[in-house]
Amino acid sequence: MSQSVLEQLLEMGFDKSRAELAVKKSDGLPDAMDWLEKTQDTPLEELLEEEESGTNIAKVGDGTVAMSLVCNECGKKFRTQGEAEFHANKSGHTDFAESTEEIAPLTEEEKKKRLEELRERIKAKRAGQAEVDKEEQKRNEQIRQKATRESHELKEELQRKEQIKEAAKKRQEKLDDMEAKKRIKAKIEADKEERRRKAEEAKAAREGRPIPAPAAPVPAPAPSRPAATHNEARLRLQTSNGNVMKTFPADTTLFEVAQLLESENGVTVTKFVQNFPRKVFEGNLDLGKTLKEAGLVPSAALIVQ
């Protein structure tokens with residue numbers, strides 16, 4: 001019978017070592033399944049140690065034949081030593097004795113009913129574990145998605161900072177280029193004036209005239225009205241959280257304005273829209289422009305999107 005019970009347990013998917021222990025500690029398939037269910041969370045090494053230590057069972061004397069076993073701590077009776085050991089593992093009781101009282105065996109109908117109950121309990125437990133595994137998998141997926149989202153946001157933040165740095169670098173290169181052109185133009189004018197002066201001196205020497213003194217530079221006529229210079233831009237920024245009034249240096253890029261709105265107001269910026277005159281600023285090229293280059297000086301109203 002034991003071999004048949006072991007084969008049935010293995011067919012149900014139980015571990016061989018645990019199934020062999022269950023056969024030793026039980027009387028029939030229902031008891032074996034009950035023992036496996038109760039000890040499924042107990043490490044195999046611990047079960048093997050308990051098997052080696054055994055259960056303390058007092059013998060009956062005077063040559064009397066023992067018909068059952070009884071737990072002296074709770075009074076429960078058992079047909080076999082396997083059942084008593086199973087009870088000891090489940091309850092922690094250790095005081096057992098042999099008894100001359102015979103316990104009627106289970107009928108086939110009772111065995112069948114008990115087997116069905118055990119199968120249902122195991123099925124319900126496995127279903128519960130599957131639900132736990134499903135929830136754990138769901139939590140792990142949420143953690144993974146959050147990590148992916150944070151990584152993506154960090155990547156976008158780094159890209160925005162790189163775009164701001166690139167825009168600032170291009171703006172500085174443009175200013176340096178303008179300064180270099182001014183210096184070259186001034187040098188050309190100075191060389192031209194020096195050649196003219198030397199030609200005048202040579203002509204005066206040929207004609208026997210005194211060399212004319214260098215003419216004092218003629219001051220440029222004062223403009224009737226000073227040209228307006230705007231170094232700042234006053235912006236009214238319409239966001240989803242309300243209007244924001246800010247004043248920026250004229251050489252501030254739209255990238256930097258977007259970065260400020262995100263850091264101070266928590267607004268994610270993809271583009272700026274000006275209603276009059278109608279303009280849309282989006283993409284690296286537009287957002288890399290300064291407020292002056294974008295025509296937003298001295299003041300402008302922008303819709304943030």
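All of these numbers come straight from a predicted model, not from anything done at the bench. Side chains included, hydrogens not; waters and symmetry mates left out as well; all remaining heavy atoms used.
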**Prompt:** Do Gln238 and Asn243 have side-chain atoms, one donor and one acceptor, less than 3.5 Å apart?
**Reply:** no

**Asked** Heavy-atom count around Lys279 NZ within 6.0 Å, excluding the residue itself: above 12?
**Response** yes

**Point-to-point distance, once rounded to the nearest 0.5 Å, from CD1 of Ile188 to CZ of Arg183** = 13.0 Å

**Item:** Considering all heavy atoms, the nearest Ala32-Ala22 contact
**Value:** O-CB, 3.8 Å

**Asked** Hey, does Lys138 have a side-chain heavy atom less than 4.5 Å from the side chain of Glu141?
**Response** no

**Item:** Side-chain (Thr253) to main-chain (Glu256) donor-acceptor, under 3.5 angstrom
**Value:** yes

**Message:** Once rounded to the nearest 0.5 Å, what's the spacing between atom CG of Leu9 and atom CD of Glu20?
**Reply:** 10.5 Å

**Message:** Regarding Asp176 and Gln172, do their side chains bring together a donor and an acceptor under 3.5 Å, going by distance alone?
**Reply:** yes

**Message:** Rounded at 0.5 Å granularity, tell me how far CZ in Arg236 sits from CD1 in Ile303.
**Reply:** 8.5 Å

**Request:** Verify whether one side chain among Gln259 and Glu157 offers a donor that lies under 3.5 Å from an acceptor in the other.
**Result:** yes

**Message:** Is any side-chain heavy atom of Glu108 closer than 4.5 Å to one of Lys113?
**Reply:** no

**Fill in**
Tightest non-hydrogen contact, residues Pro210 and Ala204, listed as O-CB, 3.9 Å

**Request:** Can you measure from CG (Leu287) to CG (Leu254) and round to the nearest 0.5 angstrom?
**Result:** 6.0 Å

**Asked** Under a 4.5 Å cut-off applied to non-hydrogen side-chain atoms, are Thr270 and Glu282 in contact?
**Response** no

**Asked** Could you state the interatomic distance from CG (Leu69) to CZ (Phe96), rounded to the nearest 0.5 Å?
**Response** 8.5 Å

**Message:** So which atom in Thr290 and which in Ala250 form the shortest heavy-atom distance, rounded to 0.1 Å?
**Reply:** CB-O, 3.7 Å

**Asked** Should Leu302 and Val273 be regarded as members of a common hydrophobic cluster, given that ILVMFWY residues are connected when their side-chain heavy atoms come within less than 4.5 Å of each other, either directly or indirectly?
**Response** no

**Request:** Before giving the answer on salt bridge (charged side-chain N to carboxylate O under 4.0 Å, His left out), spell out for Arg197 and Glu194 the whole-Å C-alpha distance, their side-chain angles and the decisive distance to 0.1 Å.
**Result:** CA-CA 5 Å; Arg197 185 183 64 78; Glu194 181 65 18; 2.5 Å; yes

**Asked** Leu44, Leu10: one ILVMFWY side-chain cluster at the under-4.5 Å cut-off?
**Response** yes

**Item:** Derivation of the side chain to side chain contact (heavy atoms under 4.5 Å, CB included) call for Leu235 and Met245
**Value:** CA-CA 6 Å; Leu235 300 183; Met245 301 298 294; over 6 Å; no

**Message:** I need the minimum non-hydrogen distance between Glu262 and Thr268, along with the two atoms involved.
**Reply:** CG-CA, 4.0 Å

**Message:** I'd like to know if the side chain of Gln305 reaches the main chain of Val269, judged simply by a donor and an acceptor atom lying under 3.5 Å from each other, with no hydrogens or angles considered.
**Reply:** no

**Cationic N near anionic O, under 4.0 Å, Lys198 to Glu201** = no

**Prompt:** Out of Lys76, His93, Glu73, Lys77, which one pairs with His87 under the side chain to side chain donor-acceptor pair (under 3.5 Å) rule?
**Reply:** His93

**Request:** Could you walk me through whether Glu207 and Lys203 pass side chain to side chain contact (heavy atoms under 4.5 Å, CB included), step by step?
**Result:** CA-CA 6 Å; Glu207 294 176 353; Lys203 182 178 179 181; 3.4 Å; yes

**Message:** Would you say that Lys146 contacts Arg149 through its side chain, given a criterion of any heavy-atom pair below 4.5 Å between the two side chains?
**Reply:** yes

**Prompt:** Looking at Phe14, does the NZ or CZ of Arg126 lie under 6.0 angstrom from its six-membered ring centre and within 45 degrees of the ring axis?
**Reply:** yes

**Message:** Quick check: do Phe272 and Val257 have side-chain heavy atoms less than 4.5 Å from each other?
**Reply:** yes

**Message:** Please check this pair: side chain of Asp15 against backbone of Arg18, looking for a donor-acceptor N/O pair closer than 3.5 Å.
**Reply:** yes

**Asked** Backbone N or O of Val267 within a donor-acceptor pair of the Asn265 side chain at under 3.5 Å?
**Response** no

**Request:** Begin with the C-alpha distance, continue with both residues' side-chain angles, and end with the deciding distance and a verdict on side chain to side chain contact (heavy atoms under 4.5 Å, CB included) for Asp251 and Glu293.
**Result:** CA-CA 8 Å; Asp251 60 352; Glu293 292 170 342; over 6 Å; no

**Message:** Under 4.0 Å between a side-chain nitrogen and a carboxylate oxygen: does that hold for Lys174 and Glu179?
**Reply:** no

**Ion pair check, Arg139 and Glu136, cut-off under 4.0 Å** = yes

**Derivation and outcome, salt bridge (charged side-chain N to carboxylate O under 4.0 Å, His left out), residues Glu166 and Lys169** = CA-CA 5 Å; Glu166 186 65 24; Lys169 180 181 177 182; 5.0 Å; no

**Prompt:** If you look at every heavy atom in Leu6 and Ala19, which pair is closest and at what distance?
**Reply:** CD1-CB, 3.7 Å

**Message:** Check this for me: Gln137, atom CD, are more than 12 non-hydrogen atoms of other residues, nucleotides or ligands nearer than 6.0 Å?
**Reply:** no

**Request:** Could you walk me through whether Leu291 and Phe248 pass side chain to side chain contact (heavy atoms under 4.5 Å, CB included), step by step?
**Result:** CA-CA 8 Å; Leu291 299 178; Phe248 299 93; 3.6 Å; yes

**Request:** Group every Ile, Leu, Val, Met, Phe, Trp and Tyr by side-chain heavy-atom contacts under 4.5 Å, then state whether Leu36 and Met12 land in the same group.
**Result:** yes

**Request:** Go through the side-chain N and O atoms of Thr148 and Gln145 and say whether any donor and acceptor fall under 3.5 Å apart.
**Result:** no

**Request:** Can you see which heavy atom on Ala233 is nearest to which on Val297, and at what distance?
**Result:** CB-CG2, 3.9 Å

**Message:** Could you go through Asp177 and Lys181, starting from their C-alpha distance and side-chain angles, then the distance that decides it, and tell me whether this counts as salt bridge (charged side-chain N to carboxylate O under 4.0 Å, His left out)?
**Reply:** CA-CA 6 Å; Asp177 186 54; Lys181 287 180 179 179; 3.5 Å; yes

**Request:** Could you go through the salt bridge (charged side-chain N to carboxylate O under 4.0 Å, His left out) check for Glu193 and Arg196 one step at a time?
**Result:** CA-CA 5 Å; Glu193 178 61 25; Arg196 187 194 65 76; 2.5 Å; yes

